[in-house]
Amino acid sequence: MDYDLLRILKNYFGFDKFKGDQEAIIRNLLAGNDSFVLMPTGGGKSLCYQLPSLLMDGTAIVISPLIALMKNQVDVINGMSEENGVAHYLNSSLNRPAITQVMNDVRNGITKLLYVAPESLNKEENVEFFKSVKISFYAVDEAHCISEWGHDFRPEYRNIRPTINKIGNAPVIALTATATDKVRTDIKRSLGIADAPEFKSSFNRPNLYYEVRQKYPSTIDREIIKFIKQNEGKSGIVYCLSRKKVEELAAIMVANDIKAAPYHAGLDSVTRSQTQDDFLMEKIDVIVATIAFGMGIDKPDVRFVIHYDIPKSLEGYYQETGRAGRDGGEGQCIVFYARKDLEKLSKFMEGKPVAEQDIGRQLLQETAAYAESSVCRRKLLLNYFGEEYTEENCHNCDNCLHPKEKRDATEALVIVLKAVVATKEGFRQDYIIDFVKGRGTDDIVSHKHDQLDCFGLGEDLDVKLWNPVIRQAIIAGYLKKDVENYGLLKITAAGRRFIENPSTFYIVEDTEFNDDPDEENIDGAGAVLDPMLFVMLKDLRRDMAAKLNLPAYVIFQEESLRQMATMYPVTLEELQNIQGVGVGKAKRYGKEFCELIRRHCEDNEIERPEELRVRTVAKKSILKVKIIQSIDRQIPLDDIAQSMNVGFDELLDEIEAIVYSGTKLNIDYYLEEEMDDDHVDDIYDYFRESETDDIDTALDELDSDYTEEEIRLVRIKFLSEMAN
């Protein structure tokens, strides 16, 4: 049948023309053929199955990963139709009467689109029901979930083809916004559509701005709040890896008058659904979420996507950033990166099957390469998805707007290419770098590669060259990564020609990120200590200590004074943003310090940093609250440690953090049971006279009869009584 698709498009969806390959995909499906659709977020994937479902006999089954996504799309389709029930979803959120209604609408031919989760599709009772009705086609949305190489692997996805075979054959259309060659092959094989034509749109989103920033744990919250305040009223998403951080950051935003809400899989479905609706209806501006949020959310004017943590894969990163600027307008994509986060993500993989760990670490390496490289971010992303970007400068990423100087790396490239050939194209980047540097690792020695002529050819060259040379050689087409054996470096025909006849090869060096960023940034990004104020604060602390007959450290520790002399807090509320200053400490000692800082700023016409106007929220973790409650109930400290599954030393660390920030704890009940009264008095008197609270100094100066544990316990009592 020859459909007037443009008229149907206008009639049902209100659009005058198709985007990209949409029409070709729809005609292919109407002709009864399988299809594989690779289309970036915002490219109009859902129309490719929604429109044909309205024209074909029977009901199309759309297999979709998230309940929230289904609800959103069902609402959109039903909103276009005069009749109720054209689209339905069938999942665990429905009660029995609702399920009966859905099944009746499908049987009566009213429902043209039925959204199901893979778990619902595989249920025996549903399989029996689907066998009894006419299925027009199967659409597998977010098809990357099928592949164990994808970033949202769910085993139920691997059963889709066997279940389709049970229900009855019909065309299959697989759709995804992110898939490398490896993932594409895996999806098609798993769905039994190996010969399906591929409709692949460009991955380039010219309107998206990409930037990577060094992550400073002590200031990142302020940085994000400041960014959102500068983009007031704009819609945005902030992605965090942990639910705890999602909750914390959303609370900080709300405290700073930002209309924000948290979203993660641990919240009940009613809350999640409400939050999603509020975001779409612009009752809230910012969603703070784990990756559970955003798949298929059709909000065209998201203006920024911020990643608080580096994502686990570039597929995930591309998909999440793709939610920005879907209307072609501004879309800022900023990711915060610290090497420590990579180590954390790598540790999370321990305990998983070895093959899965290996894949996960390879994906992490790709993400690290993206973050650290000084090459055009757009070029890197497109290359990862098998697309060539020929422009030298995209003018819309941090690396292109602030380009680094290029350096000649011709010799290094020849050495790398020869190394890949000599090791028979069977190894990954790390191995090749060890080989060219002449490092005789166990792996290299076991393969006898240390005996090859070109082993160690690059040992005299700058060690910082090798990663960028290999990464940029892949982009230039001299090397490629094997699709089937992910990560193995292979030489291309162009690479072999380069060995024979080298031309000049320039690279830009990688950006160096601090391994321990806060070591060099203790006072915050770009912040500078005010030495004159620091001296004045120390003098005030000394005078106050003398008047109260207390050691100076009891009032505020030196680190707290350093931060005060950097951030200039002038209210008790602002003072609580300073490390080691809780509510109690601020109220007890803070007034005079705030007054001194205010006078100093006025006298010297100092403009206080904008960051200080950011309000934080009390970060009393569940662990700390439990400790305080347990001590209030006079539970022995060793029992508390055991019940919380932490070591005794670790418990003391937590208790010290609580009392140092100004909360009073009474551990006398424990000391009376465990320690001699005279010992307690001796250690207590020592701290009253000492100018430092350092434990090693106390161990040196006190009688050797006292253990470190005893000294720490009495120090907790002393600080609680004298400082709080």
Side-chain angles (χ1 to χ4, degrees), residues 1 3 25-37 45-65 67 69-70 73-74 77 83 85-92 94 96 98-147 154-176 186-199:
M1 192 185 290
Y3 294 101
I25 294 162
I26 289 165
R27 289 201 183 279
N28 189 59
L29 191 54
L30 289 170
N33 301 321
D34 297 329
S35 313
F36 182 91
V37 177
K45 288 193 307 301
S46 48
L47 186 89
C48 298
Y49 57 80
Q50 287 169 350
L51 192 149
S53 74
L54 301 173
L55 303 178
M56 292 167 79
D57 284 341
T59 302
I61 293 182
V62 183
I63 299 147
S64 174
I67 289 171
L69 185 157
M70 296 178 201
Q73 297 216 348
V74 166
I77 292 294
E83 197 170 359
V86 171
H88 271 306
Y89 54 83
L90 191 61
N91 60 37
S92 57
L94 298 181
R96 181 47 62 187
I99 291 170
T100 304
Q101 178 66 52
V102 171
M103 289 182 166
N104 285 339
D105 283 355
V106 172
R107 275 194 202 96
N108 295 328
I110 296 167
T111 300
K112 305 302 288 176
L113 266 171
L114 182 66
Y115 287 80
V116 299
E119 292 82 356
S120 303
L121 179 80
N122 294 331
K123 268 190 185 167
E124 207 54 53
E125 64 197 81
N126 290 341
V127 170
E128 289 308 310
F129 168 66
F130 293 142
K131 279 182 184 175
S132 70
V133 295
K134 165 83 173 155
I135 306 297
S136 54
F137 62 86
Y138 303 91
V140 185
D141 206 358
E142 310 292 351
H144 54 271
C145 297
I146 284 171
S147 175
R154 267 156 67 173
E156 295 81 9
Y157 264 88
R158 308 296 275 194
N159 289 328
I160 290 174
R161 186 73 232 184
T163 305
I164 287 174
N165 292 343
K166 283 185 205 168
I167 296 167
N169 210 15
V172 174
I173 176 171
L175 308 100
T176 177
D186 197 23
I187 292 168
K188 290 175 81 172
R189 192 185 295 137
S190 176
L191 286 177
I193 57 168
D195 299 327
E198 288 191 11
F199 298 91

### Task
Could you name each residue pair satisfying salt bridge (Lys or Arg N to Asp or Glu O under 4.0 Å) that touches residues 103-114, not counting sequence neighbours?
none

### Task
Could you list the residues that satisfy side chain to side chain donor-acceptor pair (under 3.5 Å) with Ser35, not counting sequence neighbours?
Asn28

### Message
Please identify which of these residues, Ile167, Val116, Ile193, Val62, meets the side-chain contact (heavy atoms from CB on, under 4.5 Å) condition with Tyr138.
### Response
Ile167

### Task
Can you measure from CG (Leu121) to CD1 (Ile160) and round to the nearest 0.5 angstrom?
6.5 Å

### Query
Looking at residues at least two apart in the chain, or sitting in another chain, which of them share a side-chain contact (heavy atoms from CB on, under 4.5 Å) with Thr100?
Arg96, Asn104

### Message
Can you give me the closest heavy-atom contact between Asn159 and Pro162, atom names plus distance?
### Response
O-CD, 3.2 Å

## Note on the structure
CZ of Phe129 to CD1 of Ile99, rounded to nearest 0.5 Å, is 11.0 Å

### Residues forming a salt bridge (Lys or Arg N to Asp or Glu O under 4.0 Å) with Glu198, sequence neighbours excluded
Arg184, Lys188

### Query
How far apart are the closest heavy atoms of Ile77 and Ala87, and which atoms are they?
CG2-CB, 3.6 Å

### Message
The criterion is side chain to side chain donor-acceptor pair (under 3.5 Å); which residues satisfy it with Asn165, sequence neighbours excluded?
### Response
Arg161

### Task
Please name the pair of heavy atoms, one in Ile146 and one in Arg158, separated by the smallest distance, quoted to 0.1 Å.
O-NH1, 2.6 Å

### Glu119 and Asn126, any side-chain heavy atoms less than 4.5 Å apart
no

### Query
Are any of the side-chain heavy atoms of Tyr49 and Val37 separated by less than 4.5 Å?
no

Kindly list each side-chain donor-acceptor pair under 3.5 angstrom involving residues 51-60, sequence neighbours excluded, with atom names and distances?
| from | atom 1 | to | atom 2 | distance (Å) |
| --- | --- | --- | --- | --- |
| Ser53 | OG | Gln50 | O | 2.6 |
| Thr59 | OG1 | Thr111 | O | 2.8 |

### Summary
Interatomic distance, CG@Asn33 vs CD1@Ile25, rounded to 0.5 Å, equals 13.0 Å

### Query
Of all residues at least two apart in sequence or in a different chain, which pass the side chain to side chain donor-acceptor pair (under 3.5 Å) check with Lys134?
none

### Task
Could you pull out the closest heavy-atom pair between Lys166 and Lys131, with the gap in Å?
O-CE, 3.2 Å

### Task
Not counting sequence neighbours, which residues clear side chain to side chain donor-acceptor pair (under 3.5 Å) with Thr163? List them please.
Asn122

### Task
Apply side chain to side chain contact (heavy atoms under 4.5 Å, CB included) to the pair Leu191 and Phe36, showing each step before the final yes or no.
CA-CA 10 Å; Leu191 286 177; Phe36 182 91; over 6 Å; no

### Message
Does any part of the side chain of Val140, heavy atoms only, come nearer than 4.5 Å to the side chain of Ile187, both counted from C-beta?
### Response
no

### Task
Quick one: pull up CG in Leu113 and OG in Ser136 and give me the separation to the nearest 0.5 Å.
8.0 Å

### By side-chain contact (heavy atoms from CB on, under 4.5 Å) - contacts of Ala194 (at least two apart)
none

### Task
Determine, step by step, whether Glu142 and Thr176 satisfy the side chain to side chain contact (heavy atoms under 4.5 Å, CB included) criterion, reporting the C-alpha distance in whole Å, the side-chain angles of both residues, the deciding distance to 0.1 Å, and the verdict.
CA-CA 5 Å; Glu142 310 292 351; Thr176 177; 5.5 Å; no

### Under 3.5 Å donor-acceptor, Asp141 side chain and Ser64 backbone
no

### Summary
Output for pair (Ile61 CD1, Leu90 CG), nearest 0.5 Å, gives 9.0 Å

### Query
How many angstroms lie between atom CD1 of Ile164 and atom CZ of Phe130, to the nearest 0.5 angstrom?
11.0 Å

